Each structure stands twice: as C-alpha cells, then as structure tokens.
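These notes concern the structure reproduced below.
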Amino acid sequence: MQLHPTPLPQVFRVESPAHSDMRGSFRRSWCADSFAAAGLDFVLRQASLSTNPHRHTLRGMHWQAAPAAEQKLVRCVAGAVWDVALDLRPNSPTFRHWYAEDLSAENGRALFLPQGVAHGFLSLTADAVVEYLIDAPFTPEAARGARWNDPAFGIDWPAPPALISDRDRDWPDFPNV
Ligand SMILES: Cc1cn([C@H]2C[C@H](O)[C@@H](COP(=O)(O)OP(=O)(O)O[C@H]3O[C@H](C)C(=O)[C@H](O)[C@H]3O)O2)c(=O)[nH]c1=O
C-alpha cells in the first residue's frame, strides 16, 4: 500500500494496486507494515460497512469527541462515493479546510483520517458500500456532527443530497470561534 500526503496534515490518500488476471483481481485492503512505515499508530478495534442503495445519499459530517476520538481508514467496496475529510483540529494550519477524493470499488482508493478530522460522503452510484476500519470502540454519546452545507467550510459537493438523515440535515452552524 502507498500512503500519499494530502493538503490536510496526517490525512493520507491510500493507494493499493490490483493484481488482475482472468479470474478477477486481488488487492490489499489493510497493511499494518505500510502504516507503521508512515509513522501511523493504527490498531484496528472495529470494522463497519455502510450500504447506500440510492445515488446521492449523503452521510456526515461526523466525528467522535475525545476521549472516544477515532482514526479511520475509509474505502468504497461497491459503487463509488465522493469522500470528504474536514479538518476540525483547532490548532491545525488547515483548520476548517476540507479535502475530497473519489473512492470506488474500481480504483480501490482509501482515505486515512486522523483524530479531529470529520468525515462524510456523497454516494455517486446506486448500491454504494463504504467500509470503515476504526481504531476505537463505538461510543454513541461521543458522536458529533457538522452540516454538509455549512458556510464555515464551503464544501464543494458534486451534487446536493437526494437522501440525508434529519440529524445530518439539521446540524447547527459550526461555532464561529
Ligand atoms: C457509526 C456507528 C453507528 N452504529 C449504529 C448506530 C445507529 O443505530 C446506526 C446508524 O448510525 P449512524 O446513523 O450514526 O450512521 P452514519 O450516519 O452512517 O454514521 C457514520 O457515517 C459517517 C460518514 C462516519 O464517518 C462515521 O463512521 C459514522 O458517523 O448504527 C454502530 O453500531 N456503530 C458505529 O460505529
């Protein structure tokens, strides 16, 4: 696996080549050695799948508050999503900046998000499935969110959501600190 820096410190685009033959393909989806070589301390605690039957489903922007903060490796294992990392680390030089990548089953690309970086995605196809590898147990009371169209961030989504939860639609404006 190759970890490539992005404009957001410690957010990495993760590429893993597919080995294809007439049967199909084989592609690494996790490699402790690659992450250790990049200086990342990432110990898997939970893995989850998010299924999204409808195109233009939007989930996010979500993060877990300390001490339940998460690092997560996100990949699309069916269909395609427009995946967004949003830097909410107050001391980061890119505080409130966002970065997006097209993740798809076809390109096998993943995004690594450190603690303090919110995550969200817009599905670009029907039946998009997103896989999460996360280094913390799920703590419901630590769940936090910000609105996808909050002017504090100016996330340039490829399309508005056709489907979004009430909770995600109604997150308050991000504090103007
Ligand atoms: C996140 C999570 C949820 N759940 C349960 C709680 C609810 O009963 C149900 C759906 O949860 P929620 O509506 O929070 O799911 P999403 O809106 O897809 O949330 C996720 O989507 C954004 C984009 C993320 O990056 C996070 O991983 C996560 O916040 O699954 C669990 O049991 N474990 C979990 O780790």
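Note that ligands are numbered from 1 as they come in the structure, with each ligand's atoms numbered from 1 the same way. Treat the numbers as computed from the prediction; the structure is a model and nothing was measured.
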In the protein, what heavy atom is nearest to [atom], and what distance, to one decimal place, separates them?
{"atom": "atom 25 (O) of ligand 1", "answer": "H119 ND1, 2.7 Å"}
{"atom": "atom 14 (O) of ligand 1", "answer": "R167 NH2, 3.0 Å"}
{"atom": "atom 16 (P) of ligand 1", "answer": "R59 NH1, 3.7 Å"}
{"atom": "atom 5 (C) of ligand 1", "answer": "F138 CE2, 4.3 Å"}
{"atom": "atom 28 (C) of ligand 1", "answer": "H62 ND1, 3.6 Å"}

Practice item. Assess the side chains of D127 and H54: does a donor N or O sit below 3.5 Å from an acceptor N or O? Key: no

Exercise for review: Verify the distance criterion only: is there a donor paired with an acceptor across the side chains of R89 and N91 at less than 3.5 Å?
Suggested key: no

Indicate every side-chain donor-acceptor pair of residues 45-52 with a distance under 3.5 Å to a residue at least two apart or in another chain.
| residue | atom | partner | partner atom | Å |
| --- | --- | --- | --- | --- |
| Q46 | OE1 | S48 | OG | 3.1 |
| Q46 | NE2 | A136 | O | 3.1 |
| S50 | OG | N52 | ND2 | 3.2 |
| S50 | OG | R59 | NE | 3.2 |
| N52 | OD1 | R59 | NE | 2.6 |
| N52 | OD1 | R59 | NH2 | 3.3 |
| N52 | ND2 | S50 | O | 3.1 |
| N52 | ND2 | A128 | O | 3.2 |

Review point. Between F42 and W30, how do the two ring planes meet: parallel, tilted or perpendicular, split at 30° and 60°?
Key: tilted

**Study point:** Close approach of Q46 to ligand 1, heavy atoms, under 4.0 angstrom
**Key:** yes

Point to revise | Spacing of CZ belonging to F174 relative to CG belonging to D150, to within rounding of 0.5 Å | key: 8.0 Å

Review point. Can you tell me how far CG of L73 sits from CD1 of I134, rounded to the nearest 0.5 angstrom?
Key: 10.0 Å

Strictly less than 4.0 Å: does any protein heavy-atom distance to [atom] fall in that range?
{"atom": "atom 3 (C) of ligand 1", "result": "yes"}
{"atom": "atom 12 (P) of ligand 1", "result": "yes"}
{"atom": "atom 21 (O) of ligand 1", "result": "yes"}

Review point. What do you reckon, is CG of D41 surrounded by more than 12 foreign heavy atoms closer than 6.0 Å?
Key: no

Study note, to complete from the structure: K72 heavy atoms within 4.0 Å reach ligand 1 at atoms 24 (C), 25 (O), 26 (C), 27 (O)

